[in-house]
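Some notes on the structure that comes next.
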Amino acid sequence: MQIDTISLKRTLPRVFVNEQIPPSEIWKKDVSFSRGHNYVIEAASGTGKSSLCAYIYGNRRDYEGEILFNGTDIGSLRPEEWQELRRTQLAYLPQELDLFPELTALQNIRLKNSLTGHVADDKILHWLKELGIDSRADYPVGRMSIGQQQRVAIIRCVCQPFSFLIIDEPVSHLDEQNNRIAASIIMEEARSQGAAVIATSVGNRIGIPVDTLLKL
């Protein structure tokens, strides 16, 4: 199944159901995301941006309304269908990064790439050099700064085929130069696959071309 559109139909986190929520262009609205386009979702802390990413990726279901892939409610998908979609259609960079702290930067990246065989090893090494962490390639990520870990996680998340790349505050700890380089790597991979990028931000927005800006 190739995902061409992701649609939200009156979606709202259940925790907000009995609350007065601020005006939003996403919650309790009908919103669609399409392949080949770039979306930035700006939100204040506590408005549910990380929840939204987890809902789309299928990690959480504590919401009202519907989320649809190509018109199919994702609540009907079987575990094996989710497994295939996460391997071939959905790439995800959570705010928490979810790296293995005891593994090195290269081990974390290669572990993902070994499941997909998507990126040549010399390209991974090139990305590490571009982002200024090639000298830390063999360091356990638990000993790296959060900004360095963020760069490792960005490389890891594009080491797979995808139609949608969901990245939750991907550059919150990056300076302007590394933001620009990270955006270039992400856009290179997204364009080569005709994919969409859905990025969230509470302030430091990733430097990708933006087709649609939404306020959560």
Side-chain angles (χ1 to χ4, degrees), residues 1-79 81-82 85-86 89-98 150 153-154 157-158 162-174 179 182-183 186-187 190 194-216:
M1 173 185 177
Q2 176 178 287
I3 303 175
D4 294 310
T5 60
I6 296 175
S7 301
L8 278 63
K9 303 291 185 183
R10 305 285 296 174
T11 307
L12 182 70
R14 288 194 186 122
V15 70
F16 294 156
V17 167
N18 295 318
E19 295 185 11
Q20 183 68 36
I21 62 170
S24 170
E25 295 177 316
I26 294 179
W27 297 138
K28 298 189 75 174
K29 301 288 194 304
D30 290 348
V31 182
S32 289
F33 305 97
S34 300
R35 281 192 69 186
H37 296 272
N38 301 324
Y39 304 87
V40 169
I41 299 170
E42 290 192 338
S45 295
T47 54
K49 61 171 184 53
S50 295
S51 298
L52 174 63
C53 295
Y55 297 159
I56 294 173
Y57 197 64
N59 279 354
R60 290 174 52 185
R61 296 189 180 183
D62 54 320
Y63 60 87
E64 302 291 327
E66 296 177 305
I67 299 175
L68 313 173
F69 293 167
N70 298 346
T72 297
D73 191 329
I74 66 173
S76 68
L77 296 175
R78 302 186 304 275
E81 291 176 302
W82 275 114
L85 289 173
R86 290 169 180 160
Q89 296 296 307
L90 298 171
Y92 180 34
L93 174 59
Q95 184 181 353
E96 297 81 6
L97 304 180
D98 288 350
Q150 213 163 38
I154 286 168
C157 80
V158 296
F162 58 85
S163 292
F164 285 83
L165 173 60
I166 306 158
I167 44 180
D168 188 11
E169 286 197 72
V171 295
S172 57
H173 291 85
L174 300 190
N179 184 327
I186 286 168
M187 288 311 303
V197 177
I198 302 174
T200 71
S201 172
V202 294
N204 189 14
R205 189 194 302 176
I206 189 168
I208 62 172
V210 180
D211 297 309
T212 303
L213 175 66
L214 296 165
K215 302 286 188 179
L216 192 57

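When reading the values below, keep in mind they use all heavy atoms of this one structure, side chains included, and skip hydrogens, waters and symmetry mates. Since this is a predicted model, take the numbers as computed values, not measurements.
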- Residues two or more places apart in sequence or in another chain: which of them pass ring pair (Phe, Tyr, Trp, His ring centres under 6.0 Å) with Phe162?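 Counting only residues at least two positions away or on another chain, Phe162 forms no ring pair (Phe, Tyr, Trp, His ring centres under 6.0 Å).
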- Message: Please enumerate all residues that pass salt bridge (charged side-chain N to carboxylate O under 4.0 Å, His left out) together with Glu81, with sequence neighbours excluded.
- Response: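 By the salt bridge (charged side-chain N to carboxylate O under 4.0 Å, His left out) rule, Glu81 matches Arg78.
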Please report the closest heavy-atom contact between [X] and [Y], naming both atoms and the distance.
X: Tyr63; Y: Gly65; result: CE1-O, 3.8 Å
X: Ala182; Y: Ile154; result: CB-CD1, 3.9 Å
X: Thr47; Y: Leu216; result: O-CD2, 3.7 Å
X: Ala43; Y: Lys49; result: CB-CB, 4.1 Å
X: Gln95; Y: Ser50; result: OE1-OG, 3.1 Å
X: Ile26; Y: Ser24; result: N-OG, 3.0 Å

Among all residues two or more places apart in sequence or in another chain, which pass the side-chain hydrogen bond (donor to acceptor under 3.5 Å, both in side chains) test with [X]?
X: Ser51; result: Arg60
X: Thr212; result: none
X: Arg14; result: Glu64
X: Asn18; result: none

- Evaluate the side chain to side chain contact (heavy atoms under 4.5 Å, CB included) criterion for residues Ile67 and Asp73: first the C-alpha distance (whole Å), next the side-chain angles of each, then the deciding distance (0.1 Å), finally the verdict. CA-CA 6 Å; Ile67 299 175; Asp73 191 329; 5.8 Å; no
Mind checking the [atom1]-[atom2] spacing from [X] to [Y]? Nearest 0.5 Å is all I need.
X: Leu213; Y: Ile41; atom1: CG; atom2: CD1; answer: 9.5 Å
X: Phe69; Y: Ile74; atom1: CZ; atom2: CD1; answer: 5.0 Å
X: Gln150; Y: Ile167; atom1: CD; atom2: CD1; answer: 10.0 Å
X: Ile186; Y: Cys157; atom1: CD1; atom2: SG; answer: 5.5 Å
X: Ile56; Y: Leu90; atom1: CD1; atom2: CG; answer: 9.0 Å
X: Leu93; Y: Leu165; atom1: CG; atom2: CG; answer: 7.5 Å

- State which residues pass side chain to side chain contact (heavy atoms under 4.5 Å, CB included) with Pro13; sequence neighbours excluded, sorted by chain then number.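 Side chain to side chain contact (heavy atoms under 4.5 Å, CB included) check on Pro13 returns Val15, Phe16, Trp27, Tyr55.
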- Item | Arg35: partners by side chain to side chain contact (heavy atoms under 4.5 Å, CB included), with sequence neighbours left out |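 Arg35 satisfies side chain to side chain contact (heavy atoms under 4.5 Å, CB included) with Gln2, Asp4, Ser163, Phe164 only.
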Side-chain donor-acceptor contacts of residues 199-211 below 3.5 Å, not counting sequence neighbours, with atom names and distances?
residue	atom	partner	partner atom	Å
Thr200	OG1	Asp168	OD1	2.5
Thr200	OG1	Glu169	N	3.0
Ser201	OG	Gly203	N	3.0
Asn204	ND2	Val171	O	2.6
Asn204	ND2	Leu174	O	3.4
Arg205	NE	Glu42	OE2	3.0
Arg205	NH2	Glu42	OE2	2.5
Asp211	OD2	Asn38	N	2.7

- Task: Determine which pairs satisfy ring pair (Phe, Tyr, Trp, His ring centres under 6.0 Å) with at least one residue from residues 195-216, sequence neighbours left out, and list them in order.
- Result: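 Qualifying pairs, neighbours excluded: none.
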- Task: Output, in order, the C-alpha distance, side-chain angles, deciding distance and verdict of side chain to side chain donor-acceptor pair (under 3.5 Å) for Thr11 and Glu66.
- Result: CA-CA 6 Å; Thr11 307; Glu66 296 177 305; over 6 Å; no
- Is Arg86 positioned over the aromatic face of Tyr57, cation under 6.0 angstrom from the ring centre and no more than 45 degrees off axis?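 That pair qualifies as a cation-pi contact.
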- Message: Give me each pair satisfying salt bridge (Lys or Arg N to Asp or Glu O under 4.0 Å) with a member in residues 19-29, each pair once, sequence neighbours excluded.
- Response: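 Counting only pairs at least two positions apart or across chains, no salt bridge (Lys or Arg N to Asp or Glu O under 4.0 Å) contact touches residues 19-29.
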- Does the side chain of Asn70 come within less than 4.5 Å of Ile3's, by heavy atoms?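 Counting from C-beta outward, Ile3 and Asn70 do come under 4.5 Å.
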- Message: With a 4.5 Å cut-off on side-chain heavy atoms, are Asp30 and Leu8 touching?
- Response: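 Leu8 does not reach Asp30 side chain to side chain.
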- Query: Has the side chain of Tyr39 got a donor or acceptor atom that lies under 3.5 Å from a matching backbone atom of Ser34?
  - Reply: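 Such a contact is found between Tyr39 side chain and Ser34 backbone.
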- Query: How about Ser7 and Ser32: does a side-chain donor come under 3.5 Å of a side-chain acceptor?
  - Reply: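 Short answer, yes.
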